[in-house]
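First the structure, in the form of structure tokens, and then the observations on it.
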Amino acid sequence: MTEELKKILENAVGKIAGDLGKEIPDGFIVRLERPRQTGHGDWATNIAMQLAKPFGLKPRELADRIIAEIPFGQTVEKAEAAGPGFINFTLASDWITETVRNAISKDKDYGRVDSGKGRRVQVEFVSANPTGPLHMGHGRGAAVGDITASILDFAGWDVEREYYINDAGLQMELLGRSAQSRYFDALGRGEEAPMPEDGYHGDYMTEIAASFVDKYGDSLAQKPLEETVEFFSVETGRIIIEMIRKDLEEFGVTFDVWFSEKSLYDNGQVEPAMEELKKRDFAYEEDGALWFRSTLFGDDKDRVLIRTNGVPTYFTSDVAYLKNKYDRNFEKLIYVWGADHHGYVPRLKSVNKAFGHPDDAVDVLLIQMVNLLRDGKPVQMSKRAGTIITLREIMDEVGVDATRFFFVMRRCDSTLDFDLELAKKATSENPVFYVQYAHARICSIYRELEERGIALPSIDEFDVSLITDQTEINLAKAISKLPEEVEKAADEFAPHRIAYYATELAEAFHSFYNSQRILGVDEPLMKTRILLMEAARIALKNVLVILGVSAPEKM
RNA sequence: GCGCCUGUAGCUCAGCCGGAUAGAGCAACUGCCUUCUAAGCAGUGGGCCGGGGGUUCGAGUCCCUUCAGGCGCGCCA
């Protein structure tokens, strides 16, 4: 629909350029936008303002000349110059028929676009250390990552979701010693293996230790402590990862790949990555350590890759991991990180450049903090005091649907107030219910139709001439926006756009529903409205699928 | 000290690559159920887009500066 309009405008502009003997500037493209004001028609363009100077005309004058070249009829019903030089278009009502036909025939695929062109993209998210349960912040990252991935999939990308398990390094050893200590506690021999200074104290550690006792009795206490640390570390990590995996699965998030940091070392992928940096002269040895020349990329000092004592830093793994990702032929890499890691972004980008990859192949989504509100007051959380709120607690309290929706309701780079009371409310104040309710209402009408023995009409029975009410037109317009919203959300990695769009779509439906009846009107009109409603149901359903929120048939 | 994020209606936030009279939701107020789900709809009021400068036909949007809040600046992860 907009493609045709663009073509019409390109032709018009071309003809005028010819008449004037002027050139169209390089890189010029016709852009169409949705006017903010409904009174300004369906679409608008600012080409007259853009071309005024090169054409040597006043914007309004040029706008009038462009309009004079437009063939009215099939596509465009009305075009008028407005404001400083906009051209506003009202489309012929065909677009409504097209929208309804399109939605119903594509059904589950309605809203899919192909801006991704089948390119491979990896979204790596959550990637929490396997040292404890996921908390709120991880939850937001999980929702943002998962929904971003869904959006990209809908936009025609070939998407892989990946969880990077930080199972190498000192944290894991600390975890092992903590588990070991709890294990001895469980045997009543706590003094033999004291809890390390910064050990993991959570209740889950006690439970894990108990499971070791169940499984191994006191056999693990027979050997010297140092000999079993590794075992405790690996096994505890495995148990916690499984716990995390279950929580995420219940949260509606599943990964294609669980990638172990340790495997980079076990499979010898770290050394070659370091060698490549050295070969390209981005790494050098000094003072017994291996350094990355981050100063070449504006960092204030070079950064250590391999410490003097021979132990690699986390940065080392990340270099190897980045290389590994490219080896798997991804064209685009998306990292979802907590905003507290933002200082690390330039370093990752630097490595990316050092390897000779385009800068925009890597995108890092920084997720700001979540403030949990109960009774309108922030809930104080402290790791030290053990008062961390876990993702599981939130899911259990407010449900998966509301949790997911709330986590993507705001732009990622803005801190999020998560109001527990609001998330649980079953009123229109709560956007999740508002959207789901629209879907349930439609399904309710279907039940009524079934009872009255009325079948879903065929698309050919849609009669656009019967669509006269503004709420009907607004609903059709909202439905027609799904593909463009998906494209924009994918383009910007902005899942919140879809949450906003979902609300807008639901609003258009509720408004229509309240003002017009479906049953009890003349049959042709009833059929036309049923088809419009069916298109709305499909759009709502697909949007909820993208968000990973259920679409209830009854509420 | 340096860097990143944020600052828009009473509250929570949208605002796309600079465009028209800055938008939602909530809260407040007024209406709407004998008919498909009122968990809904319609309407009203509410603004120095943190402040100051600049860029230009045009700035909430871009640049500089300043103020306020948050978060980072290890051979920790």
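We name chains A, B, ... by the order of the sequence lines, and we start the count at 1 in each one. All values below were derived from every heavy atom in this structure, side-chain atoms included, with hydrogens, water molecules and symmetry-related copies excluded.
If you check B:C29 for Watson-Crick or wobble pairing at under 3.5 angstrom, you find it paired to B:G43. A 3.5 Å limit on both hydrogen-bonding distances identifies B:G70 as the Watson-Crick or G-U partner of B:C4. B:U34 makes up no base pair with any nucleotide shown, lacking Watson-Crick or G-U wobble contacts both under 3.5 Å.
Among the heavy atoms of the strands lying under 4.0 Å from A:H342 is at least one base atom, whether or not backbone atoms are also near. Among the heavy atoms of the strands lying under 4.0 Å from A:E507 are primed sugar atoms or P, OP1, OP2 only; no base atom is included. Across all strands, A:E553 comes closer than 4.0 Å to base atoms (heavy-atom distances). In this structure, A:A494 reaches neither bases nor backbone, as no heavy-atom distance under 4.0 Å exists between it and the strands shown. A:A438 comes within contact range of no nucleotide atom at all, as no heavy-atom separation falls under 4.0 Å. Heavy atoms of A:M49 sit under 4.0 angstrom from at least one base atom. At a threshold of 4.0 angstrom between heavy atoms, the contacts of A:F315 with the nucleic acid are absent. Nucleic acid contact class of A:S511 (heavy atoms, under 4.0 Å, all strands): sugar-phosphate only. Across all strands shown, A:E487 has no heavy atoms under 4.0 Å from either base or sugar-phosphate atoms. Counting any heavy atom pair closer than 4.0 Å across all strands shown, A:N309 reaches no nucleic acid atom. Here A:N46 lies in heavy-atom contact (under 4.0 Å) with a base.
Under a 4.0 Å N-O distance rule, the pair A:E553/A:R447 does not qualify as a salt bridge. Electrostatic pairing of A:K425 and A:E421 does not count as a salt bridge here, judged by no charged N lying under 4.0 Å from a carboxylate O. Remark: A:R452 engages A:E448 in a salt bridge, criterion side-chain N to carboxylate O under 4.0 Å. A salt bridge is defined here as a Lys NZ or Arg NE, NH1 or NH2 lying under 4.0 Å from an Asp or Glu carboxylate O, and A:D413 with A:R410 fails to meet this definition.
Relative to the side chain of A:L519, the nucleotides B:C36, B:A77, B:C75 differ in distance, and B:C36 lies closest. Of the candidate nucleotides B:C5, B:A20, B:C36, B:C5 has the atom lying nearest to any side-chain atom of A:D413. The side chain of A:R307 lies closest to B:C75, out of B:C75, B:C36, B:A39. Listed candidates were B:C36, B:U37, B:A77. Nearest to the side chain of A:Y437 is B:U37. Minimum atom distance to the side chain of A:V304 is reached by B:C75, of the listed B:A20, B:G72, B:C75.
One finds a side-chain N or O of A:Y434 lying less than 4.0 angstrom from the OP1 or OP2 phosphate oxygen of B:C41. OP1 or OP2 of B:A38 lies within a sub-4.0 Å distance of a side-chain N or O belonging to A:R441. OP1 or OP2 of B:U37 has not a single side-chain nitrogen or oxygen of A:K554 nearer than 4.0 Å. The phosphate of B:G74 has neither OP1 nor OP2 within less than 4.0 Å of any side-chain N or O from A:K301. Side-chain nitrogen and oxygen atoms of A:R411 include at least one within less than 4.0 Å of the OP1 or OP2 phosphate oxygen of B:G15. In this structure, A:H496 reaches the B:G15 phosphate: one of its side-chain N or O atoms is under 4.0 Å from OP1 or OP2. Contact between the side-chain N/O atoms of A:T415 and the OP1/OP2 oxygens of B:C71 is not found at any separation under 4.0 Å.
For the P atom pair drawn from B:G31 and B:A24, the interatomic distance equals 23 Å after rounding to whole Å. Between the C1' atoms of B:G47 and B:C41, the separation comes to 27 Å (whole Å). Distance check on atom C1': B:C5 versus B:U21 gives 32 Å, rounded to whole Å. The gap from the P atom of B:U44 to that of B:G69 amounts to 39 Å, rounded to the nearest Å. Taking the C1' atom of each, B:A59 and B:C63 are spaced 11 Å apart, rounded to whole Å. With P as the reference atom, B:G52 and B:G60 are 12 Å apart, rounded to whole Å. As rounded to the nearest Å, B:G46 and B:C62 have C1' atoms that lie 30 Å from one another. Separation of the P atoms belonging to B:U8 and B:G51 is 10 Å when rounded to the nearest angstrom.
Comparing A:C412 and A:M369 along RNA chain B, the residue whose closest nucleotide (by nearest heavy atom) sits nearer the 5' end is A:C412. When the nearest nucleotides of RNA chain B are assigned to A:G343 and A:R410 by heavy-atom distance, the more 5′-ward of the two goes with A:R410.
Side-chain polar atoms of A:S317 and A:Y265 form a donor-acceptor pair below 3.5 angstrom. At a cut-off of 3.5 Å, with distance as the only test, no side-chain donor of A:Y434 or A:E507 sits close to an acceptor on the other residue. A donor-acceptor contact closer than 3.5 angstrom is absent between the side chains of A:N166 and A:Q171.
Atom-to-atom, CG of A:L305 to P of B:C76 comes out at 13 Å; the value is rounded to the nearest Å. Atoms CG (A:D198) and C1' (B:A77) sit 13 Å apart, rounded to a whole Å. Atom pair A:Q368:CD and B:G7:P shows a separation of 11 Å (rounding to whole Å applied). Rounded to whole Å, the distance from CZ on A:F407 to C1' on B:C13 is 17 Å. One atom, CG of A:L373, and another, P of B:U12, lie 9 Å apart when rounded to the nearest Å. As a whole-Å value, the separation of A:Y500 OH from B:G15 P is 7 Å. In this structure, A:F406 atom CZ and B:G25 atom C1' are separated by 11 Å, rounded to whole Å. Distance CZ (A:R497) to C1' (B:G23): 14 Å, rounded to an integer number of Å.
Taking the six-membered ring where the residue is Trp, A:F315 and A:Y344 present perpendicular rings, their angle passing 60° and hence far from 30°.
Within 6.0 Å of CD in A:E397 there are more than 12 heavy atoms belonging to other residues, nucleotides or ligands.
Side-chain atoms of A:Y314 come within donor-acceptor range of the base of B:A77, with a qualifying N/O pair under 3.5 Å. Between the side chain of A:N88 and the base of B:A20 there is at least one donor-acceptor pair of N/O atoms closer than 3.5 Å.
Glycosidic torsion of B:C67 falls outside 90° of 0, placing the base in anti.
For A:R307 (side chain) and A:P312 (main-chain N/O), a donor-acceptor pair under 3.5 Å exists by modelled atom type.
Stacking annotation: A:H40 is stacked on the base of B:A20 (ring centroids less than 5.5 angstrom apart, interplanar angle below 30 degrees).
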